[in-house]
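Numbers restart at 1 for each chain; the letters A, B, ... are given by sequence-line order, proteins then strands. Side chains included, hydrogens not; waters and symmetry mates left out as well; all remaining heavy atoms used.
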Amino acid sequence: MQPLRQPLPASRRGNPLPAAPLLALLLLLALQEAAGAPAGSGGPEDSGWHQDTELPRRLLSQAARVALHFFNFRAGSPSALRMLAEVQESRAWINQKKERKVDLVFTTELYNPEEGNKRLGKCSARVFFRNEKPRPAVNVTCAQLIEKKKRHEKDYQLYKRMKQLQNPVDVVSIPDNHGHIDPSLKPIWDLAFLGSSYVMWEKTTQFLHYYMAQLSRVKQWKTNDDAIDFGYTVLLHEFSTQEIIPCHIHLVWYPGKPLKVKDHCQEPHTPEEASGTEEGSAVAPTELSNF
Amino acid sequence: MKPLLGTFYILGMLVPGGLGYDRSLAQHRQEVVDEIVSPWRSLETYSYNRYHPMEEIYQWMSQIREKYTEVVTQHFLGMTYESRPMYCLKISQPSNNPKKIIWMDCGIHAREWIAPAFCQWFVKEILQNYKDNSRIRRLLKNLDFYVLPVLNIDGYIYTWTTDRLWRKSRSSHNNGTCFGTDLNRNFNASWCSIGASHNCQELTFCGTGPVSEPETKAVSSFIESKKENIVCFLTMHSYGQLILLPYGYTTNKPSNHEELIQVGQKAANALKAKHGTNYRVGSSADILYATSGSSRDWARDIRIPFSYTFELRDNGTYGFVLPEAQIQATCEEAMEAVLSVLDDVYEKYWHSNSAEKAMSTAVVLSLLMSFISLL
């Protein structure tokens, strides 16, 4: 069982990864924050922050997941989506306002791995939860898992396959109730996961976190500039309440361009419905090669 | 209504005169049904790599009972809210040895389909291998298995007919405006104190009182009646890849916490050795979230020493809608974990005595030998 605050030996996976560059990364993040903070010497001990010794373990994987949702959305690449493998190192701080800051190092694997290639990519992140408020601030950096050129190529393949799909897509749900996704429909799932990543990040708080359960009602529209323009309903599973939240998502995507997402979710048992819009900024997430 | 119609349809096909099938007399009619329903599907062709609707699971249980009649009996636990019979299978090697009991239930939450699939897999593995496999044979010398393949039958059927992501039971509340109790918040373990809701609209609705639901009552009474002999209580869920110990309703640890962690971690290691899958081990309050009224906590509180919740695959990629293509691997690795727990339980209650005897015998013998060699 992983101890909360102690870093694991680097050779854990039989694949020694240097600890020094990672610590340097974390230090860099801390320094960046210090530079921006009016008070404090770069250590989170100031500004009312003190180390959080009672951090519930579930918050670690929750923080890693939301960092990944944010990373996936910003990368805007449905063929290079990542999922969480393991949280390896963590430190957490809490302040009087019950806000939490979590520094993490975690490994990721590709959502769509290439045949037999189950490489792990390291990420480091700082996640800032503002008590019960959603949209945690995320700073995340990941080691490259797919070469840029290859990624663009795969995205373009996916784009072509989406274009070839019949419209409207004649399917009740993806996956079907037995978990099966027809290979011809896989691009839809991947693109929907990309769009849903934005929504899941947008809704995550310290207490609420989400998974994508199932898709229904897919509809594609033509655009003038040949972008993929499609709408779908995703059923999100919120873990602490166990609720299923239907969200209507409309996204516009072209390979290599930032993703545009509009969403409209039904909150359970409340008359108000929450919605959001985002355009992916032009800033690509930092990638480190040769890691 | 559909399952009733389904069964009725099948019976209607086979018995042209028609046979009135009154579900409330299901338990008495079981023998009649067995005779008439000549297997339209035989056990040989039953696929453990597919998800099965409830009618097929009922059939499967009958066929298992028929085929393995020397070790399998079926026990009636009670009726569900919608008046369906709840049956568990008892696997017991007849002998004069005193037996302890292992309980396993699956499908307390309707949408967690991989769990009932695992219960069926487990039964199949035990029965297909108990004669040739020394590990399983040994377990059956002193352990009886009680397996409840689907606890929340009404909910499970509902996920097949209406809403794949339904979780709760199908009890009616607030004048028929709200349905379902979270059966895993309905047990008498710090009932509804935390991590559960008094509001029927919510998915963690704890019911109108502890053990208010017929399904909970059925399981509770059965377990209570045998609790002196139950050493292990396993309840199977998905998803999350976790092996959870008590408690959920408090961060206090049970008296055997260290042992539970050790046994759990050993099980997770055995699981990982199979296909490389990572399961985390810990108390529910520590690694999941606070919950009250869970069956696992209740089992521990009535002094069943080894009480675990398994959250099977996956980690959120497909979640509840786990592809059938993953059933086999999920079940194979979970089987290793469960067998590991059972081995540890067996060692604790039976092997240590004989090990001590073997040890002391060996010591005496070697002393004798050295004495003789000195003469």
From A:Gln242 atom CD to B:Ser197 atom OG, the distance as rounded to the nearest 0.5 Å: 13.0 Å
Hey, is the main chain of A:Asn177 close enough, under 3.5 Å, to the side chain of B:Arg164 for a donor-acceptor pair? yes
Measuring from A:Ile244:CD1 to B:Arg111:CZ, what's the distance to the nearest 0.5 Å? 4.5 Å
Quick one, B:Glu324 and A:His180 - any side-chain contact, counting heavy atoms below 4.5 Å? no
Contact summary for A:His178 and B:Trp160, nearest pair of heavy atoms: CE1-CH2, 3.6 Å
Against chain B, label A:Tyr210 side chain, backbone, both or neither, depending on which of its atoms sit under 4.5 Å from a heavy atom there. neither
As an exercise: rank A:Gly179, A:Pro175, A:Ser173 by heavy-atom pairs under 4.5 Å with chain B and give me the winner. A:Gly179
Nearest-0.5 Å distance, CE of residue A:Met212 to OH of residue B:Tyr318: 9.5 Å
Okay, B:Ile287 and chain A: the region with an atom under 4.5 Å from a heavy atom over there is both
Yes or no on side chain to side chain donor-acceptor pair (under 3.5 Å) for B:Tyr239 and A:His237, after CA distance, side-chain angles and deciding distance? CA-CA 11 Å; B:Tyr239 55 92; A:His237 171 224; 2.6 Å; yes
CD on A:Glu86 to CG on B:Asn315, rounded to 0.5 Å: 10.5 Å
With A:Glu243, which of B:Leu165, B:Thr204, B:Leu203 fulfils side-chain contact (heavy atoms from CB on, under 4.5 Å)? B:Leu203
To the nearest 0.5 Å, atom OG1 of B:Thr317 lies from atom CZ of A:Phe193 at 7.0 Å
